[in-house]
2 protein chains.
Amino acid sequence: MTRGGGATRDRILVEASRLFAERGYHGTSTRDIADKVGMRQPSIYSHFATKHLILAALLDADLVPARARVRAALDLPGPVAARLHAYLQVDVAAILSLPYDVRGLYNDDVLRAPELAEQAQRRAEIHDLTRELIETGIGGGELVPFDTGFVQHAITGLLLEVVRERGAAPSGTPAARALDVADFVLRAVLLDARLLDDVRARAATLVPGISTMAVPRPVG
Amino acid sequence: MTRGGGATRDRILVEASRLFAERGYHGTSTRDIADKVGMRQPSIYSHFATKHLILAALLDADLVPARARVRAALDLPGPVAARLHAYLQVDVAAILSLPYDVRGLYNDDVLRAPELAEQAQRRAEIHDLTRELIETGIGGGELVPFDTGFVQHAITGLLLEVVRERGAAPSGTPAARALDVADFVLRAVLLDARLLDDVRARAATLVPGISTMAVPRPVG
DNA sequence: GCGCCAAGCTATCGACCGATAGGCTAAGGA
DNA sequence: TCCTTAGCCTATCGGTCGATAGCTTGGCGC
């Protein structure tokens with residue numbers, strides 16, 4: 001690991017993420033991963049002590065920056081609608097720009113495994129923070145009084161599916177797709193539809209503040 | 001199978017659907033299913049020739065009525081917005097009322113397996129018909145000119161996540177959740193937000209016509 | 001009452017799984 | 001130069017997988 005600066009470890013992560021996306025975690029064997037990397041199956045264990053830790057590393061690469069982003073959106077000042085719009089844009093763009101194929105990470109229900117409890121907790125935290133943001137917007141009269149949990153789930157589902165779409169037919173740039181998602185959600189939840197242009201303008205000024213919270217992990 | 005009128009077969013399907021939802025298809029063994037049903041593992045093969053056929057039966061129970069519903073929505077007369085609203089309501093309510101736990105059916109990427117090609121094709125057909133409905137609405141100036149594929153994926157993601165939510169914390173009745181989904185999507189895509197009340201009223205008259213297209217499968 | 005057969009059972013198969021043990025090799029530091 | 005050790009290798013483990021073979025049983029039609 002020290003010799004190559006973690007290059008092999010990263011290749012394992014990249015290939016594993018592709019296979020997880022294609023066949024799911026349980027449907028992918030450590031031999032499958034090793035074959036793609038170009039090594040023997042036991043050699044994987046020079047870099048990861050268990051198969052679960054491969055998935056954990058991939059999940060963390062997504063979850064840790066994502067949590068930083070939603071926290072940034074919560075801490076920023078101003079109207080909730082603009083912060084939500086900016087957050088969605090940054091989140092989608094960031095996920096679509098990850099070096100890993102994240103499509104398979106949340107498909108399977110492996111997140112319930114006790115070995116991934118830490119990651120499951122991180123994800124729950126992101127959901128809680130998202131709900132908090134929505135709740136603030138509803139309480140302040142900016143957003144339609146939908147059930148908060150429903151809106152959070154709607155956003156989660158939208159993000160997951162947009163990510164899944166990328167692999168099948170990557171239509172449009174990440175930035176364009178990110179704007180689509182943000183617009184779609186805000187049109188749905190914004191109480192006064194006439195404010196959408198204003199929300200977009202305010203969001204544009206917030207995007208850099210949220211983006212810089214998430215330090216992208218460089219991978220060869 | 002003939003003696004009990006397929007009762008055991010249905011119990012296998014019910015228990016399998018719950019386990020698939022909990023651990024995914026690959027994460028569930030035929031022994032797990034047999035244990036829940038209360039029989040030995042090889043006895044499963046008196047009702048299903050392969051494990052894939054269990055999943056295929058579950059998928060068909062969802063996909064076949066779903067295809068009928070979207071076809072009905074396409075064939076009905078009147079504005080697209082109302083038809084889309086009605087379709088979404090009926091679809092969500094129908095899925096939430098299924099005797100099976102459908103949460104795990106589309107999580108894994110087993111649908112790519114050649115044994116499930118027929119089901120994959122059915123699902124693709126549903127997506128195509130949905131896109132057609134949206135395209136009509138955009139062309140007719142009723143809906144916001146989002147990318148058609150994006151809207152279809154957004155709807156798919158929303159439906160999947162709402163279904164997933166049910167198992168975790170079933171908040172609200174199926175009908176209430178169905179209305180939430182329909183409202184959320186139509187607020188997002190309706191060009192003139194002021195028409196929403198009218199769309200809802202028109203949709204209410206269409207709901208029976210779409211519902212009756214889908215014959216629910218009785219299961220004990 | 002008797003034969004048929006669906007539907008269960010036990011026993012077992014070969015394949016594949018994740019993981020471990022232990023050896024070889026080459027790069028890097030003393 | 002020699003020692004350490006990261007990073008690969010081969011060989012192999014026990015466990016579990018989906019699936020098959022073949023026996024037993026009990027309800028039904030005749």
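Throughout, a chain's letter reflects where its sequence line sits, starting with A, and its residues are numbered from 1.
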- Taking 4.0 angstrom as the limit, do A:Glu125 and A:Arg67 come out as a salt bridge? yes
- Would you call A:Asp109 and B:Arg23 a salt bridge, using N to O less than 4.0 angstrom? no
- Item | Among D:dG18, D:dC8, C:dG8, the one nearest A:Ser46 by side-chain distance | D:dC8
- B:Met39, nearest nucleotide to its side chain (from D:dC8, C:dG8, C:dA19): C:dG8
Please report the distance, rounded to the nearest Å, between [atom1] in [X] and [atom2] in [N].
X	N	atom1	atom2	answer
A:Asp35	D:dC9	CG	C1'	15 Å
A:Tyr45	C:dC17	OH	P	11 Å
B:Gln41	C:dC13	CD	P	15 Å
A:His26	D:dT16	NE2	P	14 Å
A:Lys51	C:dC16	NZ	P	15 Å
A:Arg31	C:dA15	CZ	C1'	11 Å
A:Glu115	C:dG18	CD	P	13 Å
A:Ile33	C:dG18	CD1	C1'	11 Å

- So, B:Glu135 versus B:Thr148: side-chain donor-acceptor pair below 3.5 Å or not? yes
- Message: Measuring to OP1 and OP2 of D:dC8, would you say a side-chain N or O of A:His47 lies under 4.0 angstrom away?
- Response: yes
- Below 4.0 angstrom from OP1 or OP2 of D:dC17, is there any side-chain N or O of B:Thr30? no
- Query: Hey, does A:Ser43 reach any base, or is it just sugar-phosphate, or nothing, if we go heavy atoms under 4.0 Å?
  - Reply: base
- Message: Do B:Lys51 and B:Tyr25 form a cation-pi contact, if we require the NZ or CZ to be under 6.0 Å from the six-membered ring centre and within 45 degrees of the ring's axis?
- Response: yes
- Query: If each of A:Pro42 and A:Asp32 is mapped to the nucleotide of DNA chain C with the nearest heavy atom, which maps nearer the 5' terminus, i.e. the 5' end?
  - Reply: A:Asp32
- Message: Between B:Thr136 (side chain only) and B:Glu132 (backbone N and O only), is there a donor and an acceptor less than 3.5 Å apart?
- Response: yes
- Side-chain donor/acceptor contact of B:Arg40 with base of C:dG8 under 3.5 Å: no
